[in-house]
Protein chains: 2
Amino acid sequence: MKVKILYVEDEPFLGRIVKESLETRGFEVKLVADGALALTVFNEIQPDICVLDVMLPNKDGYTIAKELRKLRADVSIIFVTAKIQTEDLVKGFESGGNDYLRKPFSMEELIVRINNLLQLAQKNSKSKGVEALGKYEFDSSKYELRIGQTVRKISHREAMLLQALIENRNTSVTRKDILLKVWGDDSFFNSRNLDVYIAKLRDYLKEDPSVKIITLKGVGYHFSAS
Amino acid sequence: MKVKILYVEDEPFLGRIVKESLETRGFEVKLVADGALALTVFNEIQPDICVLDVMLPNKDGYTIAKELRKLRADVSIIFVTAKIQTEDLVKGFESGGNDYLRKPFSMEELIVRINNLLQLAQKNSKSKGVEALGKYEFDSSKYELRIGQTVRKISHREAMLLQALIENRNTSVTRKDILLKVWGDDSFFNSRNLDVYIAKLRDYLKEDPSVKIITLKGVGYHFSAS
DNA sequence: TCAAAAGAAGGTTAATTAATGTTAATGGGA
DNA sequence: TCCCATTAACATTAATTAACCTTCTTTTGA
């Protein structure tokens, strides 16, 4: 499958050249000229990489980046800017950018940096969609948990929770973060709800003892799986 | 502990300025002017980040990078170069570089990119492995303490405390440092709490008398283990 | 100067409280 | 109705607090 790129750029001439140039190299590029549209298009095409101009009408690149990160923590973001102020650079990395390119840039440089990020992303998350969890496989788009021949459909909440754990695999997540991500708020009742769902997941995942959800009492959970 | 940087640069004037500038920001910088020396110095100081000029006498930056990667796969490498040819950029990433900076660059830009790589590296290597403590083995990501065939699950606090001791193995830690690290504050009650947990760890570790938690009354503890 | 007394710091074990586990009952929407 | 999310009820475990004990240090007075 082609690598999808969301390219947000308001200069039409530059935009078209870069888009075509990237397409020649086998990327699938969606060009958006208006910052306010970026999120909508992002949700539509689910790109692997976002290339964002910083100066944009309606909504600047940094703001977009922050919003994108919330939607998908693992998306790769490259900023492109004519500004050379270093505070912008700082802002760029702070708002969740993975790389920063100054205009004018060469196509080769952009492509190299794109490829670099793709490799990184691949290392971090293998082939997305289907996650290997020990002997299990979790298909986050189908809400399916497979082990051997057995397929178990899991519910929306179960899937969200499992996803949240997977995103923090081999590190710890706080209960609060999970609650905010999965339930949207961390009230007392939702907190007990989380306990219930953890129990369910543990039950689903009990066939492979190497897949573990360890409780960090007073803190959160630590999910580990090969 | 300070972040250590190996900086290979043959222009003495630039080298000194960058070195001093980085040191002002709290980095520990070793400046090397000769490519052929880079490896030796690398082994000596075990840096967290390497900043390599590409054009160097005796051995160029790309070659150095490849060799460094062989020595330590997880080291972060930033190339710095006056060349603007894009083939160099490609070569840079291919030879194992993590980032590429064109001269002239601003200090801020360098620092931002350094910090970015540090964060990345931390994410990747977070769940570090298994510590040998005399006859025991402590797996900090699984919260397991093993001796012979016996595996004991320990709690989060127990693990944090043990980790804090291990990090200061064969030296002394103050109670205050431990309390801040494990409990977040050093109030009276938490201080007594620490006593309780020290007792637990001593109990867990009593099978091997060479593993010792020695009390330094009025100061802290001294943890020793082969 | 020295021994006894008083304190302080920490050791140990037990009791208490808070957090989470588990299973079942309830309730609401396609 | 059926499924899933939520709430409830009771069980379990970890963390904290308490109580009492031991050890070392400091103070004090003969």
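Convention: sequence-line order gives letters A, B, ...; per-chain numbering from 1.
A distance-only check finds no donor-acceptor pair linking the side chain of A:E20 to the backbone of A:I17 [under 3.5 Å]. No donor-acceptor pair under 3.5 Å is formed between the side chain of A:K4 and the backbone N or O of A:F27. A:N98 places a side-chain N or O within 3.5 Å of a backbone atom of A:I77 that can act as its donor or acceptor partner.
Comparing A:W183 and B:N193 by the nucleotide of DNA chain D that holds the closest heavy atom to each, the one mapping nearer the 5' end is A:W183. Comparing B:E158 and A:K153 by the nucleotide of DNA chain D whose heavy atom lies nearest to each, the residue mapping closer to the 5' end is A:K153.
Going from atom CG of B:D203 over to atom C1' of C:dG11 covers 12 Å, rounded to whole Å. Rounding to whole angstrom units, NE2 of residue A:H156 and C1' of C:dA30 are separated by 16 Å. Going from atom CD1 of B:I214 over to atom C1' of C:dG11 covers 16 Å, rounded to whole Å. Across the protein-nucleic acid pair, B:I198 atom CD1 and C:dA9 atom C1' stand 14 Å apart, rounded to whole Å. In this structure, A:M160 places its CE atom 13 Å from C1' of D:dA5, rounding to the nearest Å. Atom CZ of A:F188 is separated from atom P of C:dT20 by 11 Å (rounded to the nearest Å). For the pair B:I154 CD1 and D:dT13 C1', the computed distance is 15 Å after rounding to whole Å. Atom OH in A:Y204 sits about 8 Å away from atom P in D:dC4, given to the nearest Å.
Which of D:dC20, C:dA8, C:dT20 sits closest to the side chain of B:K217 comes down to C:dA8. Among the nucleotides C:dT12, D:dT6, D:dT7, the one closest to any side-chain atom of A:F189 is D:dT7.
In terms of phosphate contacts, B:R192 brings no side-chain nitrogen or oxygen within less than 4.0 Å of OP1 or OP2 of C:dA9. Contact between the side-chain N/O atoms of A:T215 and the OP1/OP2 oxygens of D:dT13 is not found at any separation under 4.0 Å.
Side-chain atoms of B:R175 stay outside donor-acceptor range of the base of C:dG10, with no qualifying N/O pair under 3.5 Å.
The number of heavy-atom neighbours closer than 6.0 Å to NZ of A:K176, taken from other residues, nucleotides and ligands shown, is 12 or below.
Among the atoms of the strands shown, only primed sugar atoms or phosphate atoms (P, OP1, OP2) are found under 4.0 Å from some heavy atom of B:R202. The residue B:Y221 sits close only to the backbone: its heavy atoms come under 4.0 Å of sugar-phosphate atoms, none of a base.
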TODO: Start with the C-alpha distance between B:R175 and B:S191, add both sets of side-chain angles, then the distance that settles side-chain hydrogen bond (donor to acceptor under 3.5 Å, both in side chains), and finish with yes or no.
DONE: CA-CA 8 Å; B:R175 288 177 69 87; B:S191 182; 2.9 Å; yes
